[in-house]
Asks: 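Starting off with a structure, shown below.
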Amino acid sequence: MERNNEPSHVPAPGAGDAGVSTEPFAEPAAPVSGGSFAESSIPTPAAPASETGVPATVEPERHFVHHSYIWLGSLRAIGAFLVAIVVGLASSVPGILLEIRSVGTGGLFGVLAVTGAVLGGIVLLGALVVVGHVWGYRHLYYEIGEEEFSLYSGIFNKKRMHVPYQRVQSVNHTATLLQRLAGVCTVKVETAGGAANEGATVPYVTNADAETLRLELFARKQAVLAGRPIPANVSAASVLAAARQGAVPGASVPAGASADMGGVATQPGVTAGTSMPASNGMLQADGARNVLDGADEILQDVRGVWGGMEVDTGQVTYEHGLSNRELVLTGLTSGTSFVLIVIGLVGTLSQVAGFAFELLGSRASDAANAAFAASASLPIGTVIAGIATFLAVVAVLWALSALGSCLTYGGFRARRRDSRIEVEHGLLSRKFHGVDVDRVQSVIIRQGLIRRLMGYCEVSLGKIDSVGQSGDDQEANALKTGLVVHPFVKMDRVPEILAGLVPEFADAPTETRPVARVALRRALIRRCTWAGSGLWVAAFTAVVQVSFMLAMQQLPNMQADVAPYLGVVNLVFAVLYALAVLCIVLDAVGAVLWFRESSFAFNRHFMTITNGGFSRESVLLPRRKIQFGTVKSNPFQRAARVRTVLVTTAAGVGTTLSLVDAGQADAEAWLDWVRPGGNR
């Protein structure tokens, strides 16, 4: 009997609701001064007992954000307003210039008066922005309670966000160049939530407070999971230090806990207070450095005006960076910035063309015809020079894109700190990502065409993410790149990196199961017809050509106008048909490469899925991280005795991996394996 669309549900740890809620709150009566968190987080005596013998409730201390929230936040908001005003008024500049030329002295005075009124409005708007930030600063603070982290915000519409410690997924920091110079950053506490979860974002926190907050959150998370929450207003660092010295009975975490306690690594059979030793008792690091690391280390050592002293957040057992070669190749092969620059250039040229047509008015059509006629009579040398100039502009844009990518990955470091994985990079805008290893869903190895030819790859970790509202978060979720732990590394170094960062993923299956033999024929048919690009390019060209010919037959005037350029039109159609044939050939080659390299494998605890082609992606994931397992087939697949394997994890906001045309027997064996208890 066929088994189609049969899911197997395996709950992953941490899946479920985010545990974050918002509700109106009443302000406490007495505000606490906004001092440094690191200074205020000191051990306090136990709560005094009331007359009834019940311990009195200890209210958590308020921790206000740094006062740079007012100055830097206002500067950022004013800058955004100015950019919006400039962009909005840009389309009116030609009309204003024409108006100034046509009016007399009285009209010029009116234009100057309007300009002064606009500038005065901008100044008034800036003052209102500053006042708003001053007012908002007095209502923006957070509390570290016994079982949850609370963030308070809002002036008129007040909001209190609850983040239970056991739901903390990762604690990330970002800092712009101005923030780095000031020594502050924005902290985002992510939880294992879905589309309704935005995470808790605390802006403008000093570096020392951000590091202490990260230590507190991870330590309190493990304490709550162990059933021994740390009291409010008691520093988790002091509890950890006392636990190491044996001064706090019962403060250790029971053996078997899997998450770290903010500087104390715990594994099965290892009690709290025992640091995880590095390999051979030494710190593992590849020592890779590049020319940008020195500048980044200067910024890190200075720590900004208000950064504060560095806080020890745990023991590092492995760390790697980027060499000069890896940094340069990462920049040259990163096409995102280049595409954005080209799009911006095209948009600018379109805007300039629009201004020109607006200025020319009724003469725009005559000017366009004259330009077209002049271009048709250009000598071949001029055409070649124009092409060379265009290629030079593209090369310059590519170099700028590569430089931007190098600055983005400047000072790159990926490390294993106790049972956390930390990645930080960025010379101008610094980004820090820290995640518990138990929240890592998969290991992803990607190879684009250029990386494949050079024998390099990108290594990233799939993790549970919350959905943010900022542009950066939306872009990361859309690309689903995961947490990149090395952007450009040789394939033979991948096992070393994974052994240092995520040794928990060391038991990778080695016996692969390739797709069925019939999959090659099916892939060729699929990719060279409806699933490919060549057929659709040819169909589009044919439709345009037929429409053009019918229009010429029905409109004699058009035939007379187009007759001098008919050779050029036919050449364009020929080029499009040649492009369609080339696309079909490339689709066929990609189908063959996909067939030769696509496979899946599984053993007792792990499985891998590899999809090949011009680019290749391999995903390694633990069995216990699989949310859903599905085997499905359509009538054609059933006739060919093949199946599609679908694996859903909690990485991102829900990621489904698929392998098309796996053998029926292999797919059914995998479905039995993925069921609860199927590997016993």
Side-chain angles (χ1 to χ4, degrees), residues 177 180 279 282-301 316-342 391-392 394-416 421-433 443-461 476 479 481-502 597 612-618 620:
L177 179 60
R180 294 196 73 180
S279 177
M282 306 229 2
L283 176 69
Q284 296 182 3
D286 62 359
R289 293 181 56 82
N290 57 70
V291 294
L292 298 181
D293 283 347
D296 179 73
E297 289 176 357
I298 293 175
L299 290 174
Q300 296 280 37
D301 293 339
V316 176
T317 54
Y318 177 83
E319 184 177 81
H320 70 257
L322 298 180
S323 64
N324 286 323
R325 175 185 175 87
E326 292 170 342
L327 179 65
V328 172
L329 291 177
T330 298
L332 292 176
T333 57
S334 178
T336 304
S337 300
F338 176 68
V339 171
L340 293 177
I341 292 175
V342 171
L391 294 178
V394 171
V396 171
L397 293 177
W398 188 14
L400 293 175
S401 171
L403 178 61
S405 297
C406 290
L407 293 177
T408 298
Y409 283 100
F412 180 92
R413 306 308 279 175
R415 65 180 67 92
R416 176 66 178 258
I421 298 161
E422 299 176 353
V423 177
E424 56 180 328
H425 60 86
L427 187 62
L428 302 181
S429 177
R430 192 71 174 173
K431 295 184 178 180
F432 176 97
H433 301 273
V443 175
I444 308 166
I445 301 173
R446 293 187 179 92
Q447 286 184 290
L449 178 60
I450 297 178
R451 284 182 169 90
R452 289 198 60 182
L453 296 176
M454 300 180 63
Y456 283 78
C457 68
E458 175 193 272
V459 183
S460 60
L461 306 178
L479 297 177
T481 56
L483 179 62
V484 177
V485 295
H486 206 302
F488 204 93
V489 62
K490 275 189 170 296
M491 285 292 297
D492 55 10
R493 283 195 55 209
V494 173
E496 168 202 337
I497 291 175
L498 296 183
L501 288 179
V502 283
E597 300 171 348
F614 289 108
S615 61
R616 180 169 55 192
E617 179 179 281
S618 297
L620 168 66

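This chain uses plain numbering: 1 for the first residue, then up along the sequence. In this text the structure is predicted, and so the values were computed from the model without any measurement.
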Asks: Among Ile497, Val494, Leu498, find the one that has a side-chain contact (heavy atoms from CB on, under 4.5 Å) with Val443.
Replies: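 The side-chain contact (heavy atoms from CB on, under 4.5 Å) with Val443 is passed solely by Leu498 among Ile497, Val494, Leu498.
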Asks: Using side-chain hydrogen bond (donor to acceptor under 3.5 Å, both in side chains) as the criterion, list what pairs up with Arg415, not counting sequence neighbours.
Replies: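 Partners of Arg415 under the side-chain hydrogen bond (donor to acceptor under 3.5 Å, both in side chains) test: Glu319, Glu422, Glu424.
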Asks: Take atom CD1 in Ile450; do more than 12 heavy atoms of anything else shown fall under 6.0 Å from it?
Replies: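 Check fails, neighbour count at 12 or below.
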Asks: Locate the shortest heavy-atom distance separating Gly448 from Ser615; write the atom from each residue and the value.
Replies: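 Nearest heavy atoms, Gly448 then Ser615: CA-CB, 4.0 Å.
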Asks: Specify the closest pair of heavy atoms between His425 and Phe412, including all atoms of both residues, with the distance to one decimal.
Replies: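 For His425 and Phe412, the tightest heavy-atom pair comes out as CB-CD1, 3.7 Å.
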Asks: Kindly give the heavy-atom pair with the smallest separation between Gly482 and Ser460, and that separation in Å.
Replies: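 Where Gly482 meets Ser460 most closely, the heavy atoms are C-CB, 4.5 Å.
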Asks: Measure the spacing between CZ of Arg452 and SG of Cys457 and express it to the nearest 0.5 Å.
Replies: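 If we round to the nearest 0.5 Å, Arg452:CZ and Cys457:SG are 11.5 Å apart.
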Asks: State, yes or no, whether a side-chain contact exists between Arg493 and Tyr456 at a heavy-atom distance under 4.5 Å.
Replies: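 When only atoms from C-beta onward are counted, Tyr456 and Arg493 do not touch, as no gap falls below 4.5 Å.
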Asks: Would you please say whether a donor-acceptor pair under 3.5 Å links the side chains of Gln447 and Arg616?
Replies: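 Gln447 vs Arg616: donor-acceptor pair found between side chains.
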Asks: Has the side chain of His320 got a donor or acceptor atom that lies under 3.5 Å from a matching backbone atom of Val485?
Replies: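 Pair found, side chain donor or acceptor close to backbone of Val485.
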Asks: Does some side-chain heavy atom of Arg430 sit less than 4.5 Å from a side-chain heavy atom of Asp296?
Replies: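 Yes, side chains in contact.
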Asks: Kindly give the heavy-atom pair with the smallest separation between Arg416 and Ile421, and that separation in Å.
Replies: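 Result for this residue pair: CD-CG1, 4.2 Å.
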Asks: Strictly distance-based, threshold 3.5 Å: is any side-chain N or O of Thr408 a donor or acceptor partner for the main-chain N or O of Gly404?
Replies: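 Side chain of Thr408 to backbone of Gly404, a donor-acceptor pair under 3.5 Å: yes, one is there.
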Asks: Can you measure from CG (Leu501) to NE2 (His486) and round to the nearest 0.5 angstrom?
Replies: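 Here the interatomic distance stands at 10.0 Å.
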Asks: Between Glu326 and Phe488, what is the shortest heavy-atom contact and its length?
Replies: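 Looking at all heavy atoms of both residues, the shortest contact is CG-O, 3.4 Å.
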Asks: So, for Pro495 and Asp492, which heavy atoms are closest and what is the spacing to 0.1 Å?
Replies: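 Minimum heavy-atom contact is CD-O, 3.7 Å.
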Asks: Check salt bridge (charged side-chain N to carboxylate O under 4.0 Å, His left out) between Glu297 and all other residues, then give those that pass, not counting sequence neighbours.
Replies: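 Glu297 satisfies salt bridge (charged side-chain N to carboxylate O under 4.0 Å, His left out) with Arg289 only.
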Asks: Using side-chain contact (heavy atoms from CB on, under 4.5 Å) as the criterion, list what pairs up with Asn290, not counting sequence neighbours.
Replies: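 Partners of Asn290 by the side-chain contact (heavy atoms from CB on, under 4.5 Å) criterion, ordered by chain and then number, come out as Leu292, Asp293, Leu322, Asn324, Leu327.
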Asks: Can you tell if the side chain of Gln300 reaches within under 4.5 Å of the side chain of Arg180, non-hydrogen atoms only?
Replies: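 They are in side-chain contact.
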